[in-house]
Amino acid sequence: MDTPAASKARDASPPFPYLLTPGPLTTAAATKLAMLDDWGSRDIEFRALVTSIRTRLLEIAEAGAAYECVLMQGSGTFAIEAALASFVPTDGKALVVMNGAYGQRAGRILDYLGRAHAVLDRGDVAQVSAHEVAAALDGDAAITDVFFVHCETTSGVVNPVDDICAAVKARGRRVILDSMSAFGALPLSMDAQGIDVMVSSANKCIEGVPGFGYVLCRRDLLQASKGRSHSLSLDLYDQWDNMERTEQFRFTPPTHALVAFAAALDAFVAQGGVAARGARYARNRDVLLDGMRALGFKTLLDDAVGGPIIQTFHAPADPNFDFGRFYEELRGRGYAIYPGKLTRCPSFRIGTIGQVDETVMRGAVSAVEAVLGLLGVTNCAPA
Ligand SMILES: *Cc1c(COP(=O)(O)O)cnc(C)c1O
């Protein structure tokens with residue numbers, strides 16, 4: 001792994017920590033270096049690069065000849081909004097499965113769009129079961145589309161994609177999957193699982209920099225979506241149609257983010273693809289959980305439902321624990337972590353994705369131990 005502070009471009013900057021915050025996350029030197037060149041968006045080399053990114057994403061997702069890949073400028077939410085606007089028919093109804101902030105956000109997007117939707121809300125800790133989704137579908141024949149999140153980054157819980165997809169497909173509805181924080185690390189086979197639409201972004205498990213998201217979807221759904229989007233800039237059909245005809249974005253593409261992503265994809269493939277990436281992240285998780293538990297921390301999730309993407313820890317009840325100071329001191333030692341995003345109990349999160357390995361994780365645990373000593377926290381048990 002590269003040391004973030006070793007980057008030459010940062011000579012005049014403060015030391016940069018490992019970003020244990022998925023994401024943006026820590027990227028490889030080759031990914032950063034790819035951004036030193038200024039590419040012209042209409043040049044033939046750049047257009048070929050855009051097309052190759054689209055093709056390679058389809059391969060990683062095991063999406064067959066019936067699928068297309070559309071890139072969309074913006075953060076992941078822009079791509080989610082584009083997908084919901086393009087694929088939930090104006091006279092259709094979505095079932096939004098919620099077990100954290102990203103499911104809730106999809107519900108808000110549908111509110112903005114004025115599209116009918118039902119909600120299956122499981123709070124922000126529990127895994128969603130296929131059985132519950134099946135029951136919701138059996139109880140409402142009007143539902144056309146099911147939106148759910150692969151790994152809810154709010155807590156790190158991984159939902160059972162295989163089983164949920166099977167339940168949805170058996171009932172003849174469409175699957176719109178937010179695999180933002182899981183794609184590239186957890187196995188996915190769009191063809192085999194019958195996933196109609198999958199959305200992810202550049203700065204998660206492929207380890208690119210922020211700047212665009214991507215929607216992988218069935219071509220016939222794209223074709224049927226012509227004229228449906230409420231938004232010109234988020235119109236997936238229009239973006240796809242233009243990419244097919246010209247290999248170009250309609251509007252200014254994030255050129256540097258795209259060449260960085262192409263470099264990140266090269267490394268992803270060279271390192272062994274989804275299986276190898278998932279295995280590295282799982283080792284990161286194991287080292288982090290072992291170390292934190294040895295210090296007395298309790299995880300929010302059972303290991304059976306928490307994935308290798310992000311780990312949530314209960315905040316210690318010890319009165320000397322002050323999250324603001326804990327965060328600042330850890331950051332000063334080279335590790336940026338995430339505050340909790342849970343509605344009910346105080347917590348914090350440590351990401352296990354990005355260009356980090358077991359050595360980095362051991363370093364993070366040692367830094368946590370040192371900071372606890374500094375703060376005078378002697379008991380890490382939650383309230
Ligand atoms: C990161 C993420 C998103 C998108 O968030 P942005 O801040 O818009 O990039 C959506 N869903 C999940 C599960 C995520 O982890």
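Just follow the structure's listing: the first ligand is 1, and inside any ligand the first atom is 1.
- Pairing each heavy atom of Arg173 with each of Leu137, the nearest pair is NH2-O, 3.2 Å.
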Please tabulate, one line per pair, the protein N or O atoms found under 3.5 Å from any N or O atom of ligand 1, giving the distance to one decimal.
unit_1: ligand 1; atom_1: 8 (O); unit_2: Ser75; atom_2: OG; d: 2.5
unit_1: ligand 1; atom_1: 8 (O); unit_2: Gly76; atom_2: N; d: 3.4
unit_1: ligand 1; atom_1: 8 (O); unit_2: Thr77; atom_2: N; d: 2.8
unit_1: ligand 1; atom_1: 8 (O); unit_2: Thr77; atom_2: OG1; d: 2.5
unit_1: ligand 1; atom_1: 9 (O); unit_2: Gly76; atom_2: N; d: 3.0
unit_1: ligand 1; atom_1: 11 (N); unit_2: Asp178; atom_2: OD1; d: 3.3
unit_1: ligand 1; atom_1: 11 (N); unit_2: Asp178; atom_2: OD2; d: 2.7
unit_1: ligand 1; atom_1: 15 (O); unit_2: Thr153; atom_2: OG1; d: 2.4
unit_1: ligand 1; atom_1: 15 (O); unit_2: Lys204; atom_2: NZ; d: 2.7

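- In summary, Asp138 and Arg171 engage in a salt bridge, as defined by a charged side-chain N under 4.0 Å from a carboxylate O.
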For residues 37-46, run the donor-acceptor check on the side chains, cut-off 3.5 Å, and write out each pair with its distance to 0.1 Å, sequence neighbours left out.
unit_1: Asp38; atom_1: OD1; unit_2: His256; atom_2: NE2; d: 2.9
unit_1: Arg42; atom_1: NH1; unit_2: Gln248; atom_2: OE1; d: 2.8

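- Under a hydrophobic-cluster definition in which Ile, Leu, Val, Met, Phe, Trp and Tyr are linked whenever side-chain heavy atoms come within less than 4.5 Å, directly or via other members, Val96 and Val149 are assigned to the same cluster.
- The residues Arg218 and Glu68 are annotated as not salt-bridged, no charged nitrogen and carboxylate oxygen being separated by less than 4.0 angstrom.
- No option in Thr312, Leu20, Thr21 other than Thr21 meets the side chain to side chain contact (heavy atoms under 4.5 Å, CB included) test with Tyr338.
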